[in-house]
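Beneath this line is the structure, given in structure tokens, with notes to follow.
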Protein chains: 2
Amino acid sequence: MATVSSRLKDVATLAGVSIRTVSNVVSGSASVAEETRARVQAALDELGYRPNLAARNLRAGRTGLIGLAIPELYSPYFGELASLIVEAAQHRSWTVVIDQTFGSPEAERRLLEGTGGRMVDGLIISPWSLRPQELTARARDIPVVLLGEQRAPGVADRIAVDNVLAADEATTHLLETGRRRIAAIGLQPQLHNDTARQRLEGYHRALRRAGLPPDEALQQPVRALHREDGARAMAALLESGARPDAVFAFSDELALGALHMAHEHGLRVPDDLAVVGFDGIEDARYAHPPLTTVVPDKKQIAERALQCLADRIYSPAAAVPPLDIAVPHHLEVRASTSAATPPTGSVPAGPPPTG
Amino acid sequence: MATVSSRLKDVATLAGVSIRTVSNVVSGSASVAEETRARVQAALDELGYRPNLAARNLRAGRTGLIGLAIPELYSPYFGELASLIVEAAQHRSWTVVIDQTFGSPEAERRLLEGTGGRMVDGLIISPWSLRPQELTARARDIPVVLLGEQRAPGVADRIAVDNVLAADEATTHLLETGRRRIAAIGLQPQLHNDTARQRLEGYHRALRRAGLPPDEALQQPVRALHREDGARAMAALLESGARPDAVFAFSDELALGALHMAHEHGLRVPDDLAVVGFDGIEDARYAHPPLTTVVPDKKQIAERALQCLADRIYSPAAAVPPLDIAVPHHLEVRASTSAATPPTGSVPAGPPPTG
DNA sequence: CTGAAAGCGCTAACAG
DNA sequence: CTGTTAGCGCTTTCAG
């Protein structure tokens, strides 16, 4: 029945009580006589009362909103991550406002400065192109959680997988299947971002342990981490005469692009070329052949990010020094690196059905 | 420099002017003497002033927030759509708060009732399981835009592609490549949702026009629209003895699952089986073989949804009757339905690089 | 061009 | 148990 808006005051008038009593009924904070409560409730229902959040927030000094700033929402990895964060936030009665930075330093800076004005109680940001010192310089008035490799010592909590270790494991797996000319796709030399650097380091470490010197010709830089960049990098590798027998791609999207290009060139995967990705996105499972990939525990990333925010928002007194959290990961071995696809017709194991 | 918060009043005191003048400088609404402005600006900078949105909103009666309610953020279609909506909203200085309904009627109902209390100025919702009359019953106090097939006559604007036509085109395309036993994957008989029904209708229409009676054995229902459901449906079709020579899947995810299962069964695509999807997600382009798909103009969906909201929020007086908008789509033909993949090593045409 | 002050809707401290 | 009221920070009307 509500036409446009009704205030506490309107309900009070209708119920013949004071504003205070209505507030008590709504919030359940103080006890109200049963008879009064019923009358107020009736008025509440009749007017279709809904509290004005702006007023409530102004009063409380909190908004119940947290910000999530990611480079892009349309890529599978960030889509999956955002979904988990939104879900975890709902459980804690928070609402998530999402911003896309598209990797632009300006956008990231603007967000750290205030998401348009202290509208959020906390911020989860996955910085892409901001340097550590810039991260350090901001984020004074609200709690910030950093996702990924960039760190802001002494200022914000940070959550990431152990990239060096994960890359080492992926490369070692390829070595164990007998590959010797393992290419790396995903360096981003132009970026102030340690992700690629760490994965490269793990890749080198595994090679050296196997007595193989890293070969520059097998390391292919990219502009971004999308499928088309992977395809382009693969093409460059194949045409350069570097003759790789395996590829470690720094993201699943890159790997899928590389896979595509390998097919275009008539290569058989994994026989002629083995491929490993990174991120554990759902697409990888259904690629042809299914893609071996490093799977970070995204659910845990989401949970812990919110845990960090909650701790700092609700107990700012506790003043724990910023945490540096490593979440677990595992290598999911699939047909893109192992023998042949079994000819059975089974549905790959997946998450439980939603419907 | 800002420690925790500074108010207009603090800035005014520091600059030795009144609150009013500071407000003018901040908003640029009224003209201020150059000398005063400089002094105020200095104070603003020194204190690191940032306006309190809650207060501003309380005053203005607006929040600058719009809600986006979708079944799930992790699936590629909704991820891409959400990305475009968030981006389009940024251009209009709106911030998007995202809710996932996971197709639950309760969640959708709760959101339409008020997203936790009139916190948003408008709502874009992609209803999945709510019946039309429920949609009609709500959404009185803020503008609502419906995405998809469900309509709420007289209450909300609605934006969708012409599903019947699109499904007809996809099926006709398969017929034109000589297929005769075309399966349909994606019926959802248990849902109060017209999407699948309309796509089935278009499929039937094309078949009948070609003189082919629809065959129940070729119509495979699913529980959800994800890859695993597509794989399961394909397996069921192949084991049922229905012997399809083509598949029209009602979503790209279903199609990718079907493709996967076809490979598992040793079928060659498109020679033994042609596959068409629906949604135009990026994954489709890089599938093996690349997937023919119906591509809705998602960018236009996003733009028009925001246009609708803007019109109703800023000019409620205009009171245009609810619009029913059909956005364009096209069939993108790729190797999953056409002859053989060209053996060239080109990168598929894609969106311009982000980096 | 600038100052004073009202009031947006809500919560909570302070009576009664 | 319930009424009255101050005040969160901002915008804006009304004076000056």
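Naming convention: chains lettered A, B, ... in sequence-line order (proteins, then strands); numbering from 1 in each chain.
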Expressed as a whole number of angstroms, how long is the span from [X]:[atom1] to [N]:[atom2]?
| X | N | atom1 | atom2 | answer |
| --- | --- | --- | --- | --- |
| Leu8(B) | dG3(C) | CG | P | 12 Å |
| Lys9(B) | dG3(C) | NZ | C1' | 15 Å |
| Arg7(A) | dC10(C) | CZ | C1' | 12 Å |
| Asn57(A) | dC10(C) | CG | P | 12 Å |
| Leu58(A) | dG9(C) | CG | C1' | 9 Å |
| Glu35(A) | dT2(D) | CD | P | 9 Å |
| Asn52(B) | dT11(D) | CG | C1' | 13 Å |

Just N and O in the side chain of [X]: are any of them under 4.0 Å from OP1 or OP2 of [N]?
| X | N | answer |
| --- | --- | --- |
| Arg20(A) | dT5(D) | no |
| Arg56(A) | dT11(C) | yes |
| Ser23(A) | dT11(C) | yes |
| Thr21(A) | dC1(D) | no |

*Pairwise 5' ranking along DNA chain C for Asn24(A) and Val32(B), keeping only the more 5' one*: Val32(B)
*So among Asn24(B), Val11(B), Val40(B), which one has a side chain to side chain contact (heavy atoms under 4.5 Å, CB included) with Val17(B)?*
Val40(B)
Identify which nucleotide among [options] has an atom closest to any side-chain atom of [X], counting heavy atoms from C-beta outward.
| X | options | result |
| --- | --- | --- |
| Ser18(A) | dG9(C), dA4(C), dT2(D) | dT2(D) |
| Arg59(B) | dT2(D), dT11(C), dA6(C) | dA6(C) |
| Pro51(A) | dC10(C), dT2(C), dT4(D) | dC10(C) |
| Val17(B) | dC10(D), dT11(C), dG3(C) | dG3(C) |
| Ile19(B) | dA5(C), dT2(D), dT2(C) | dA5(C) |

*All side-chain hydrogen bond (donor to acceptor under 3.5 Å, both in side chains) counterparts of Asp324(B), not counting sequence neighbours*: Arg151(B), Arg158(B)
*Looking across every strand, which nucleic acid part, if any, lies under 4.0 Å from Thr36(A) by heavy atom: base, sugar-phosphate, or nothing?*
sugar-phosphate
*With no hydrogens and no angle check, do the side chains of Asp121(B) and Thr63(B) hold a donor and an acceptor under 3.5 Å apart?*
yes
*Verify whether one side chain among Arg92(A) and Gln307(A) offers a donor that lies under 3.5 Å from an acceptor in the other.*
yes
_Looking at Arg37(B), I'd like to know if its CZ atom is crowded, meaning that more than 12 non-hydrogen atoms belonging to other residues, nucleotides or ligands lie closer than 6.0 Å._
yes
_Toward the 5' end of DNA chain D, by each residue's nearest nucleotide, Val26(B) or Arg37(A)_ = Arg37(A)
